[in-house]
Amino acid sequence: MSWQLETSSPRGLIKHRKLLEENRCRFLDHSPGLHPIQTIVYDSWIRCRQFGIDPLRHQTEDPPNGSDLENIIGCSILHKYSTATLNKLLIQAEKTKYLMTLCDTNGRIIYLGGDRQVKKQAEKMNFVLGSCWSEEAIGTNAIGTSLKTGYPVQIFSAEHFCEGIHDWVCSSSPVRDPVTKEVLGVIDITGCWEEAQAHTLGMVFMASTVIEHKLYEQSLLNRLQLLESYSSFVLRYPQNGVIALDAVFNPIEANLCARRLIHNLTGKDLETIWKEQTFTAILVKQHKSGQPQEDYKIFIEQFGTPCLIQEIYRGNQRIGSILILIPLDQRTTPSRALHNDTWTKLQSASWSKIVGKSSKILSAMSQCNMVAQTNVPVLLLGESGSGKELFAQAIHEISDRREGPFVALNCGAMPNELLASELFGYNPGTFTGAVKGGRKGKFEEAHQGTLFLDEIGEMPLRFQVHLLRVLQEREIVRLGGSTPIPVDVKIIAATHHNLEQLVNDGVFRADFYYRLHVVSITIPPLRERRDDIPLLIDHFLDQFASKYSKPLPMLDPQVRDFLINTYKWPGNVRELQNSLERAVLFCLNGIIAIEDLPQSIQKTLNDNSSWTRNIVSPANWKEFASSHKKEALLNLVKESGGNLSATARQLGIARTTLYRHLEKYGVKK
């Protein structure tokens with residue numbers, strides 16, 4: 001800001017404005033030789049160029065209509081606690097030729113006062129209540145740039161990116177939430193460029209500090225209310241762990257039960273484990289991913305226990321949350337809020353084989369819980385390997401038929417001529433080679449239990465009518481027999497086909513489809529539940545290390561990232577399971593590298609150019625050298641056109657080191 005102290009005279013301001021206009025022209029023309037300029041301004045110009053802002057623009061976009069503007073201002077906590085301070089400051093500055101504004105986090109003006117003549121002049125550039133002054137809307141300006149950077153800033157004349165604002169000077173300072181430290185908005189003082197003064201930046205900084213102190217006072221009141229709510233929950237749920245969380249999900253208080261439970265589960269105290277793990281980020285993500293609600297249920301994998309989050313409000317502002325931990329061995333919950341069938345069943349061991357906590361997988365589990373107690377057919381839709389049979393078993397285990405048998409039949413793996421005898425059974429002497437005393441079919445075996453018909457879309461068209469009759473009449477007739485046998489069976493069918501399309505194609509009966517399609521539940525493919533992949537990887541590695549009595553292996557970080565974020569998993573969970581079983585068997589030195597995975601994954605990974613560039617350009621050469629990826633190194637040499645000096649520079653190593661590794665791979669210099 002040294003120029004301001006030197007150019008407080010009108011002549012100095014004129015000179016500086018001309019230098020800035022020269023600078024801006026050179027920047028827009030991509031010409032060299034810029035005069036000294038504030039770094040914060042230059043960086044903003046770069047952003048404006050990237051945004052595609054028109055440098056000839058003369059005004060920002062029109063403000064919202066009256067009712068929308070009233071809602072914006074009425075919902076602003078910042079406006080509520082800033083108005084008194086701004087009014088006092090405005091009285092002191094009313095004889096100056098300046099405007100004072102308060103803008104929200106989006107750069108919209110939610111308070112505007114000051115000199116009437118200056119205000120009228122500012123209206124020409126839409127500097128009015130409700131208008132948006134973010135960088136994205138109108139380029140470099142104190143409001144938008146302060147919001148973008150989080151720092152106080154003064155923008156003079158041609159430092160503004162857009163030509164129509166060059167006649168103005170503005171000073172802004174951000175206002176931060178005292179708890180979250182997030183920028184809530186900015187205070188701004190704007191005037192004509194001839195009236196530029198260095199002290200205006202100090203004024204807005206002091207004003208923002210005063211407002212932050214007021215917000216801090218409110219945060220103390222919020223915390224008091226939050227602790228009162230916490231005390232109430234501790235009394236209501238004495239057998240549960242109760243933790244009070246602030247607005248950004250950091251713990252501020254916890255009862256003894258919560259501390260003991262966390263220590264028993266992790267071996268560490270609450271404060272330590274919270275710092276080491278990413279619980280705050282996990283809770284913030286789950287909060288933002290759902291619809292606003294006062295309470296919702298989650299599962300914290302690291303704790304291995306279901307939880308309820310109760311949001312705490314003061315007025316219309318969420319001030320924090322209460323987290324209630326429920327031990328898995330607690331069969332009944334002590335509160336009405338937690339006591340419902342869906343939540344109780346989600347706690348049961350029936351779902352222990354389903355690893356995942358993504359919203360899609362939890363939604364599918366919740367739907368299964370809802371239909372488990374009914375006797376209607378259930379149709380599970382999902383790609384091969386997505387876990388349809390595991391879901392079918394879970395539905396059976398939480399249903400009132402759990403004491404009965406669970407019988408599964410893969411319709412696609414059964415020859416057509418044997419399908420009838422497998423399902424309906426046969427009487428003695430029905431055909432040559434049959435069991436002497438006859439045999440029950442799957443329907444009879446599943447009596448008073450559940451029959452799971454996998455790959456129902458593969459069932460022959462001529463056979464579907466017989467199965468439809470069983471669903472309607474609830475009785476079967478064995479092959480070679482004539483006596484109907486009553487069967488009480490819950491039908492769960494599954495397919496990876498689009499049955500509706502098969503009906504349209506004439507290869508699946510419409511009446512059979514609608515009889516099965518009373519309730520359909522879609523099991524998401526693995527690529528649509530990527531949040532679950534890290535959990536599944538850790539689960540399978542632990543499972544197979546134990547199965548083959550091997551030390552728990554580590555997965556190469558870059559390979560892990562590829563498997564979690566990039567690979568499409570066409571075979572879903574089954575493919576992941578099989579791939580990791582192979583990797584555990586073949587990995588050396590306890591580290592799973594790309595070579596330990598199936599060829600299909602290796603090919604996809606090597607074909608992914610962005611991944612290849614990442615693994616051949618690590619910051620640490622030793623880490624690269626230890627990975628022994630010949631193909632990656634050769635690809636990098638090829639990309640550099642055989643220029644070994646350029647390759648060595650990219651890797652950050654000496655050429656002699658590069659030569660040595662090339663020779664190691666049998667590549668001549």
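Keep in mind that the numbers below use all heavy atoms, side chains included, and drop hydrogens, waters and symmetry copies. Here the structure is a predicted model, which means the values were calculated and not measured.
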Evaluate the side-chain proximity of S134 to N106: yes if any heavy-atom separation is below 4.5 Å, no if none is.
no

If the plane angle is over 60° it's perpendicular, under 30° parallel, otherwise tilted; pick one for Y567 and F562.
tilted

Any ion pair linking E136 and K148 (charged N to carboxylate O, less than 4.0 Å)?
yes

Roughly how far apart are R574 CZ and N578 CG, rounded to 0.5 Å?
7.5 Å

Would a distance-only check, ignoring hydrogens and angles, find a side-chain to backbone donor-acceptor pair under 3.5 Å from N572 to L526?
yes

Please check if the number of heavy atoms outside R223 that lie under 6.0 Å from its CZ is greater than 12.
no

Short side-chain to backbone donor-acceptor contact, K490 and H396, under 3.5 Å
no

Under the 3.5 angstrom rule, does the side chain of Y230 hit a backbone N or O of A254 as a donor-acceptor pair?
yes

Any donor-acceptor pair under 3.5 Å linking the side chain of Q602 with the backbone of E595?
yes

Quick check: do S579 and I601 have side-chain heavy atoms less than 4.5 Å from each other?
yes

Rounded to the nearest 0.5 Å, what separates atom OG in S520 from atom CD in Q367?
8.0 Å

Quick check: are there more than 12 heavy atoms from other residues, nucleotides or ligands sitting under 6.0 Å from NZ of K568?
no

Is there a side-chain contact between H539 and Q543, using heavy atoms and a 4.5 Å cut-off?
yes

Just checking F205: does its CZ atom have more than 12 heavy atoms from other residues, nucleotides or ligands closer to it than 6.0 angstrom?
no

Look at the side chain of S363 and the backbone N and O of S359, then say whether any donor-acceptor pair between them is shorter than 3.5 Å.
no

Among all residues two or more places apart in sequence or in another chain, which pass the salt bridge (charged side-chain N to carboxylate O under 4.0 Å, His left out) test with R527?
E383

Does the side chain of D177 reach to within under 4.5 Å of the side chain of L215, using non-hydrogen atoms?
no

Between M365 and I354, what is the shortest heavy-atom contact and its length?
SD-CG2, 4.2 Å

With Y111 as reference, evaluate I73, D188, L86, T101 under the side-chain contact (heavy atoms from CB on, under 4.5 Å) test and give the passing residue.
L86

State, yes or no, whether a side-chain contact exists between I46 and Q50 at a heavy-atom distance under 4.5 Å.
yes

Do any N or O atoms from the side chain of W569 and from the backbone of E528 form a donor-acceptor pair under 3.5 angstrom?
no

Go through the steps to decide whether L541 and I592 satisfy the test side chain to side chain contact (heavy atoms under 4.5 Å, CB included), and finish with yes or no.
CA-CA 10 Å; L541 290 181; I592 296 175; 3.6 Å; yes

To the nearest 0.5 Å, how far apart are CD in E253 and CG in L227?
6.5 Å

Under 3.5 Å, is there a donor-acceptor pair linking the side chains of S173 and S208?
yes

Mind checking whether V573 and L390 have side chains closer than 4.5 Å, heavy atoms only?
no

Whether the side chain of S76 engages the backbone of I72 through a donor-acceptor N/O pair (distance < 3.5 Å, no angle test) should be reported.
no

Would you say that R318 contacts S321 through its side chain, given a criterion of any heavy-atom pair below 4.5 Å between the two side chains?
yes

Quick one, S44 and R47 - any side-chain contact, counting heavy atoms below 4.5 Å?
yes

Under the salt bridge (charged side-chain N to carboxylate O under 4.0 Å, His left out) definition, can you give me all pairs with a residue in residues 101-110, not counting sequence neighbours?
D104-R108

So does A593 get a backbone contact from the side chain of D596, meaning a donor-acceptor N/O pair under 3.5 Å?
yes

Do D532 side-chain atoms and S358 backbone N/O form a donor-acceptor pair below 3.5 Å?
yes

Under 3.5 Å: donor-acceptor pair, side chain of N255, backbone of V242:
yes

Salt bridge (charged side-chain N to carboxylate O under 4.0 Å, His left out): pairs with one or both residues in residues 256-274, sequence neighbours excluded:
R259-E271, K268-E276

Counting only heavy atoms not in Y151, do more than 12 fall under 6.0 Å of its OH?
no

